[in-house]
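Reviewing the structure listed below.
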Amino acid sequence: MTDGFASLLDELKWRGFFAQCTDEDGLAARLAEGPLTAYIGFDPTADSLHIGSLVPIMGLVHLQRWGQRPLAVVGGATAMVGDPSGRTELRTMLTVEQIEANLAGIRAQLAHYVRFGDGPGDGVMLNNADWLRGYGYIEFLRDVGRFFSVNQMLARDSVKTRMENGLSFIEFNYMILQAYDFVVLNRDHGCVLQMGGNDQWGNICSGIDLCRRVNRAEVFGLTFPLIATATGAKMGKTAAGAVWLSAGRTSPYDFFQYWVNVDDRDTSRFLRMYTLLPRAEIERLEQLEGADLRQAKQVLAREVTALLHGPAAADEAAQAAAALFGGGDQEDAVPGSERPAADLAGDGLALLDALVQSGLLASKGEARRLVRQQAVKVNGETVADELRLLTAADVQDGRIALQVGKKRHHHLRFG
RNA sequence: GGGGGGGUUCCCGAGCGGUCAAAGGGAACAGACUGUAAAUCUGUCGGCAGACGCCUUCGGAGGUUCGAAUCCUCCCCCCCCCA
């Protein structure tokens, strides 16, 4: 299980999860004493998490693999406030109903990664609305607010970066609420470690201070690096937008493809961070160079997809990709849609309409442009005529294969 | 509350009565080159229309004008200084 690593911290460092620790020696000593409880917070700003949350998620996974107890705290209350960290503008505020719905979605997704339950090392999911929502303002100020120095709060990076663009009072309070979370988790669940992205450093430190004052407890903080791709972009941006963990928002095929298409320079780092492959296997893959790196990316894609969607879905996605890019013939998982055969009757179905209705392109103008740029293919043949109509004659094996550019595919299947 | 400066197409940022769907940069997309990578070069980059062209957009609502992103009025929001 330890895979040659001396400790959890050792593995986290090797895998690239270690940015800063408030007291590394102290935490190492505490870990050596026996299992501990640690937590990471997630913002329920959408009903699905996206790839950007994968680092903290994997943080919980490693924690559990090393026998520690992970707490996933969903910020049902703090989402109503909005964390200014890493933001330059006011977040849109969510309604209670939206947050409730988002919580449910996120809970289901985390369950793919973390084993929740009542056992010793089982994870627990908590919602900070349970202890924050009913707290009275005056009481909260007296109990918690008195421990905070405005001078210190103003010195936080999360606040400083907002001084230019403005920071609302409600956001200014965020760090206090998050700090209080840590106090509650420490008091009621014995939690002694908070982890999070490096942009959470200030909030985490606030929590540690508060725990010391209120609970007289010694607790720790550990942050993960903020991940950007080799080209400097944020994780998970594609033509279609963010890469989501929800299969409904990002299909397993598209999810798989995202990882296959990562920059060469990111391959090794991502293998370490986003897969659970043994160290030796990763080190072997890291030896690959040039075009052979594709093999490493295939492994990366398969592993990451399997963790989220399961091995079967990962295989299916891999086979679909092989069919489209490598000459395999297993096409069932290629993204597609069903249409009634009647659409092809008469003059046929306008290609431009088909491209838009399939979701492949956003507008007919864009479709027209791309046809003129020789970027659209039907059944592998480049289309020259933007007025092209699809008819029954185009159907092969029960479907018409549409392609835009080199990588975007869609199969129209006819009943 | 007073004074000053702002809100422009995904982002930054020009424009300040017509030649503006709106300079420039970034992002993005496509083509070439490749390895489903990067870099580079070229093209595209509001919607509809085969095309002529039509429509919607420059914080919001009105108004002036043949004509407004550009002028006027009111309103909303942001930043800075003063109280």
Side-chain angles (χ1 to χ4, degrees), chain A residues 84 86-93 159-171 228-243 251 253-271 285-286 288-302 304-305 317-328 331 333-335 347 350-353 355-357 359-377 380-389 401-410:
Chain A
R87 293 242 155 196
T88 52
E89 297 176 349
L90 176 63
R91 284 190 192 217
T92 48
M93 287 203 244
V159 173
K160 273 198 286 193
T161 55
R162 286 291 294 275
M163 292 311 279
E164 268 298 301
N165 300 306
L167 176 72
S168 74
F169 182 68
I170 191 173
E171 294 176 287
T229 64
T231 47
K234 272 188 184 171
M235 254 326 259
K237 296 282 292 285
T238 66
V243 180
S251 70
Y253 169 82
D254 287 325
F255 187 84
F256 182 91
Q257 282 298 297
Y258 175 81
W259 297 100
V260 168
N261 284 303
V262 300
D263 194 295
D264 280 9
R265 294 165 289 179
D266 290 326
T267 314
S268 152
R269 194 161 51 116
F270 288 180
L271 279 167
L285 292 168
E286 285 171 341
L288 298 171
E289 290 179 358
D292 291 338
L293 267 172
R294 280 177 302 166
Q295 293 169 36
K297 292 180 190 178
Q298 286 288 336
V299 174
L300 172 68
R302 192 182 290 255
V304 180
T305 307
Q319 284 166 3
L324 294 173
F325 295 100
E331 298 192 345
V334 175
D347 289 341
L351 172 62
L352 298 186
D353 288 325
L355 288 168
V356 175
Q357 285 161 22
L360 221 37
L361 297 174
S363 71
K364 291 173 71 175
E366 181 180 24
R368 186 171 288 135
R369 240 179 272 125
L370 286 163
V371 170
R372 288 177 185 165
Q373 289 180 106
Q374 317 257 300
V376 176
K377 290 179 182 167
E381 300 281 320
T382 301
V383 175
D385 176 15
E386 61 191 79
L387 297 178
R388 173 79 143 79
L389 295 169
L402 301 178
Q403 181 179 352
V404 174
K406 295 188 183 71
K407 294 178 193 167
R408 282 182 282 174
H409 298 267
H410 187 96

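Both backbone and side-chain heavy atoms feed into the values below; hydrogens, waters and symmetry mates do not. First the proteins, then the strands, lettered A, B, ... as listed; each starts at 1.
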Any A:Lys364 side-chain nitrogen or oxygen under 4.0 Å from OP1 or OP2 of B:A49: yes
Options B:G47, B:G50, B:A30, nucleotide nearest the side-chain atoms of A:Leu370: B:A30
Length of the line joining A:Gln374:CD and B:A30:C1', which is rounded to integer Å: 11 Å
Any A:Thr267 side-chain nitrogen or oxygen under 4.0 Å from OP1 or OP2 of B:A37: no
A:Arg369 side-chain N/O to B:G47 phosphate OP1/OP2 under 4.0 Å: yes
Sugar-phosphate, base or nothing in reach of A:Arg368, heavy atoms under 4.0 Å: base
Nearest-Å distance once atom P is located in both B:G47 and B:A22: 13 Å
Atom-pair distance (CD on A:Gln403; P on B:A30), nearest Å: 10 Å
Distance between P atoms of B:C45 and B:G7 (Å, rounded): 26 Å
Distance between C1' atoms of B:G24 and B:G15 (Å, rounded): 12 Å
Donor-acceptor pair present, A:Asp292 side chain and B:G35 base, under 3.5 Å: no
Separation of atom CD in A:Gln373 from atom C1' in B:C41, rounded to whole Å: 15 Å
Residue-phosphate contact under 4.0 Å: A:Lys406 side-chain N/O, B:G31 OP1/OP2: yes
Non-hydrogen atoms of A:Phe255 and A:Thr305 that approach each other most closely: CD2-OG1, 3.6 Å
P-based separation of B:G62 from B:C78 [nearest Å]: 24 Å
CG (A:Asp347) with more than 12 external heavy atoms under 6.0 Å: no
Derivation and outcome, side-chain contact (heavy atoms from CB on, under 4.5 Å), residues A:Leu370 and A:Leu361: CA-CA 10 Å; A:Leu370 286 163; A:Leu361 297 174; 3.5 Å; yes
Sugar-phosphate, base or nothing in reach of A:Gln257, heavy atoms under 4.0 Å: base
Shortest non-hydrogen contact between A:Leu352 and A:Ala367, atoms and distance: CD2-CB, 3.7 Å
Option passing side-chain hydrogen bond (donor to acceptor under 3.5 Å, both in side chains) with A:Lys297 (candidates A:Asp264, A:Thr267, A:Asp266): A:Asp264
P-based separation of B:C10 from B:U57 [nearest Å]: 14 Å
side-chain contact (heavy atoms from CB on, under 4.5 Å) between A:Ser251 and A:Asp254, intermediate numbers included: CA-CA 5 Å; A:Ser251 70; A:Asp254 287 325; 3.2 Å; yes
d(CG, A:Leu293; P, B:A37) in whole Å: 13 Å
Gap in Å between the two P atoms, one belonging to B:C58 and one to B:C66, rounded: 23 Å
Involving RNA chain B, stems made of at least three consecutive Watson-Crick or G-U pairs, both distances under 3.5 Å: B:1-7 with B:76-82, B:10-12 with B:24-26, B:28-32 with B:40-44, B:46-48 with B:53-55, B:59-63 with B:71-75
N or O in side chain of A:Lys407 less than 4.0 angstrom from B:A37 OP1/OP2: yes
Pair A:Thr382-A:Gln374, side-chain donor/acceptor within less than 3.5 Å: no
Span that lies between the C1' atom of B:A28 and that of B:G17, in whole angstrom: 34 Å
A:Glu366 side chain to A:Ala362 backbone, donor-acceptor under 3.5 Å: yes
Touch class at under 4.0 angstrom, heavy-atom based, for A:Glu289 against every strand present: nothing
Separation between the P atoms of B:G59 and B:G53, rounded to whole Å: 28 Å
Point-to-point distance, once rounded to the nearest 0.5 Å, from NZ of A:Lys407 to CZ of A:Phe325: 7.0 Å
Under 4.0 angstrom between A:Arg372 side-chain N/O and B:A51 OP1 or OP2: yes
Protein-nucleotide distance (A:Arg265, atom CZ; B:A37, atom P), rounded to Å: 13 Å
Toward the 5' end of RNA chain B, by each residue's nearest nucleotide, A:Ala291 or A:Asp353: A:Ala291
Rounded distance in Å - NE2 (A:His409) to P (B:A30): 11 Å
Gap between atoms CD and C1', on A:Glu366 and B:C10 respectively (whole Å): 13 Å
A:Arg408 vs B:A30: side-chain N/O to OP1/OP2 distance below 4.0 Å: yes
Side chain of A:Glu386 - closest among B:G47, B:G35, B:G50: B:G50
Whole angstrom value for the distance that separates P of B:A37 from CD of A:Gln298: 12 Å
Residue met sooner reading RNA chain B from 5', once A:Val356 and A:Gly405 are mapped to nucleotides: A:Gly405
Shortest non-hydrogen contact from A:Ala301 toward A:Val260: CB-CG2, 3.5 Å
